[in-house]
Structure formats: C-alpha cells, structure tokens
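Here's the structure we're looking at; comments come further down.
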Amino acid sequence: MANVTIMDHPLIQHKIGIMRRKTTSTKEFRDLVSEVAMLICYEATRNLPLTDIEVETPLCTTKVREIEGKKLCIVPILRAGLHMADGMLNLIPNAKVGHVGLYRNEETLEPVEYFCKLPQDAANREIYVVDPMLATGGSAEAAITILKKRGIKKIHFLCLIAAPEGVERLQKAHPDVDIFIGNMDERLTENGYILPGLGDAGDRIYGTK
Ligand code: PRP
Ligand code: URA
C-alpha cells in the first residue's frame with residue numbers, strides 16, 4: 001500500500017492556516033500555494049538517489065554528491081496545480097513540466113479530461129503529480145491513470161489539503177503512488193467540498209469567483 005506522509009512542519013501549518021481564511025487576498029493565496037508546495041517538495045524529494053562526483057574547489061579536488069540522473073518531471077493538474085508547480089521549480093529548476101487538464105463535473109463530481117501534454121521522455125522520468133486539493137480523489141485518480149497509460153511508472157502525488165475519502169480512493173486505485181499531504185481535513189460536504197477546507201482552490205488562485 002502507498003505511503004501517506006502528512007506534513008507536520010510549523011511553517012506549513014502556519015501558511016495553510018492563512019490560506020483557509022476567507023479574507024486572504026487572491027495574490028497572497030496564490031503566493032502561499034507556491035510556498036507550501038515548495039516546502040512539501042522538500043520532503044517529497046528526500047529519497048532521491050545521490051551519486052558521488054569529483055569537483056575542483058578553489059583549494060583542492062574533493063568529492064561532492066549530486067542527484068543521480070536528474071530525470072524529474074512535475075505534472076500539475078490544471079488549473080489549480082499550476083502554482084504548486086511554480087513553487088517546486090524554485091527547488092528543482094531543471095525538472096520538466098507536463099500538464100493534465102481536468103475539471104470536476106459539478107453534478108456527478110467525476111473528472112472530465114480536456115488536456116494532456118507531457119515531455120517526450122516522460123516514461124523514463126520520476127513524476128510528481130500536483131494539485132492543491134484531494135477531495136473525492138477522482139481528479140488525482142484519473143490524472144495518474146492517464147500517466148500510467150502513457151507508460152509512466154514512478155509517480156508521487158502532492159497536495160496541500162486532503163479529505164480522508166480522497167486519500168482512501170487514491171490509495172485503492174493506485175497503491176504504488178506515494179502521497180504527500182500538507183493538512184488532512186475532516187470530511188467532504190455533500191457537494192464534494194473539503195471541510196473545513198479553503199473553498200475552491202482554482203477560483204481563489206485566479207479570482208474567478
Ligand atoms: C479542483 C481541484 C482538484 C479537484 C479535486 O479542481 O483543484 O483538481 O477539484 O476534487 P476531486 O478530488 O473531487 O476530484 P476543479 O475541478 O475545481 O478545476 P479547476 O482547478 O480548474 O478549478
Ligand atoms: N476542489 C476544491 O478546489 N476545493 C474543494 O474543497 C474540493 C474540490
């Protein structure tokens with residue numbers, strides 16, 4: 001079964017607390033999405049393999065460690081995942097970026113795919129799928145299924161806020177995918193919103209409501 005990591009770092013708790021407030025502005029909310037994603041990324045990349053190489057310092061030759069292979073790829077789920085990807089690129093600037101476009105049908109709450117564009121060599125890369133909200137889990141499940149159909153094997157999923165229902169669904173559908181969560185919330189409402197949550201992440205990032 002997949003590993004689920006729930007962040008307990010004070011900076012993440014504090015920043016998500018600000019995001020939850022309905023008075024937080026669009027700009028501040030957007031900046032926080034990117035900052036919290038960066039902090040979660042730090043933990044999610046903890047097990048990347050390192051290799052020894054030799055470099056010349058101004059004084060002598062020495063061994064240093066660098067990330068082996070450097071074949072990473074971030075895949076934001078559109079729209080709201082985009083700003084998570086921006087934050088993560090501050091830490092792993094050479095990662096490639098793919099995009100999966102999904103929106104939830106408001107009645108069925110099931111995801112509808114409208115876009116997919118991945119790096120050509122995506123199947124050889126370690127993939128970080130990112131979306132701020134894991135609610136019913138339908139979008140994350142569908143995005144990862146799309147990636148697996150294209151031959152991608154090594155996948156991690158990062159979100160800022162999750163509902164227990166979404167985590168359970170994602171674990172069942174993709175037991176091989178590790179999940180990193182900023183905050184675990186209580187439950188879903190009957191309309192599929194996370195409680196206490198922070199509202200509609202895409203709308204709050206882009207000011208569309
Ligand atoms: C939101 C969110 C996730 C999805 C989560 O996107 O960013 O993609 O809902 O819900 P689920 O776990 O029940 O699938 P939305 O469909 O509102 O699209 P948007 O990002 O374009 O606003
Ligand atoms: N998508 C969001 O943006 N927020 C929720 O609470 C649930 C799904």
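Owing to the predicted nature of the structure, the values given are computational and were not obtained by experimental measurement. As the structure lists them, so they are numbered: ligands from 1, and atoms in each ligand from 1.
Shortest non-hydrogen contact noted between Phe157 and Ile77 is CE1-CD1, 4.4 Å. Heavy atoms only, all atoms of each residue included: Val33 and Leu160 are closest at CA-CD1, 4.1 Å.
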Ligand 1: which protein N/O atoms lie under 3.5 Å from its N/O atoms?
{"from": "ligand 1", "atom 1": "7 (O)", "to": "Asp131", "atom 2": "OD1", "distance (Å)": "2.8"}
{"from": "ligand 1", "atom 1": "8 (O)", "to": "Asp131", "atom 2": "OD2", "distance (Å)": "2.4"}
{"from": "ligand 1", "atom 1": "12 (O)", "to": "Ala135", "atom 2": "N", "distance (Å)": "2.9"}
{"from": "ligand 1", "atom 1": "12 (O)", "to": "Thr136", "atom 2": "N", "distance (Å)": "3.1"}
{"from": "ligand 1", "atom 1": "12 (O)", "to": "Gly137", "atom 2": "N", "distance (Å)": "2.9"}
{"from": "ligand 1", "atom 1": "13 (O)", "to": "Arg104", "atom 2": "NH1", "distance (Å)": "2.7"}
{"from": "ligand 1", "atom 1": "13 (O)", "to": "Thr136", "atom 2": "N", "distance (Å)": "2.9"}
{"from": "ligand 1", "atom 1": "13 (O)", "to": "Thr136", "atom 2": "OG1", "distance (Å)": "2.5"}
{"from": "ligand 1", "atom 1": "14 (O)", "to": "Ser139", "atom 2": "N", "distance (Å)": "2.9"}
{"from": "ligand 1", "atom 1": "14 (O)", "to": "Ser139", "atom 2": "OG", "distance (Å)": "2.6"}
{"from": "ligand 1", "atom 1": "16 (O)", "to": "Arg104", "atom 2": "N", "distance (Å)": "2.9"}
{"from": "ligand 1", "atom 1": "20 (O)", "to": "Arg79", "atom 2": "N", "distance (Å)": "3.1"}
{"from": "ligand 1", "atom 1": "20 (O)", "to": "Ala80", "atom 2": "N", "distance (Å)": "3.3"}
{"from": "ligand 1", "atom 1": "21 (O)", "to": "Arg79", "atom 2": "N", "distance (Å)": "3.4"}
{"from": "ligand 1", "atom 1": "21 (O)", "to": "Arg79", "atom 2": "NE", "distance (Å)": "2.9"}
{"from": "ligand 1", "atom 1": "22 (O)", "to": "Arg79", "atom 2": "NE", "distance (Å)": "3.4"}
{"from": "ligand 1", "atom 1": "22 (O)", "to": "Arg79", "atom 2": "NH2", "distance (Å)": "2.9"}

Note every protein N or O atom lying under 3.5 Å from an N or O atom of ligand 2, pairing the names and giving the distance.
{"from": "ligand 2", "atom 1": "3 (O)", "to": "Ala201", "atom 2": "N", "distance (Å)": "2.8"}
{"from": "ligand 2", "atom 1": "4 (N)", "to": "Gly199", "atom 2": "O", "distance (Å)": "2.8"}
{"from": "ligand 2", "atom 1": "6 (O)", "to": "Ile194", "atom 2": "N", "distance (Å)": "2.8"}

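Other residues, nucleotides and ligands contribute at most 12 non-hydrogen atoms within 6.0 Å of the CD atom of Glu168. Heavy atoms of other residues, nucleotides or ligands lying less than 6.0 angstrom from CD of Glu106 number 12 at most.
For residues 184-201, the salt bridge (charged side-chain N to carboxylate O under 4.0 Å, His left out) pairs, not counting sequence neighbours, are Arg20-Asp185. Applying the side chain to side chain donor-acceptor pair (under 3.5 Å) rule to pairs touching residues 125-134 yields Asp121-Arg125, Glu126-His156, sequence neighbours excluded.
A salt bridge links Asp203 with Arg79; the closest basic N to acidic carboxylate O contact falls under 4.0 Å.
In this model, no donor atom of one side chain and acceptor atom of the other lie less than 3.5 Å apart for Asp8 and Gln13.
Here the side chains of Leu198 and Thr24 are not in contact, with every heavy-atom distance at 4.5 Å or above.
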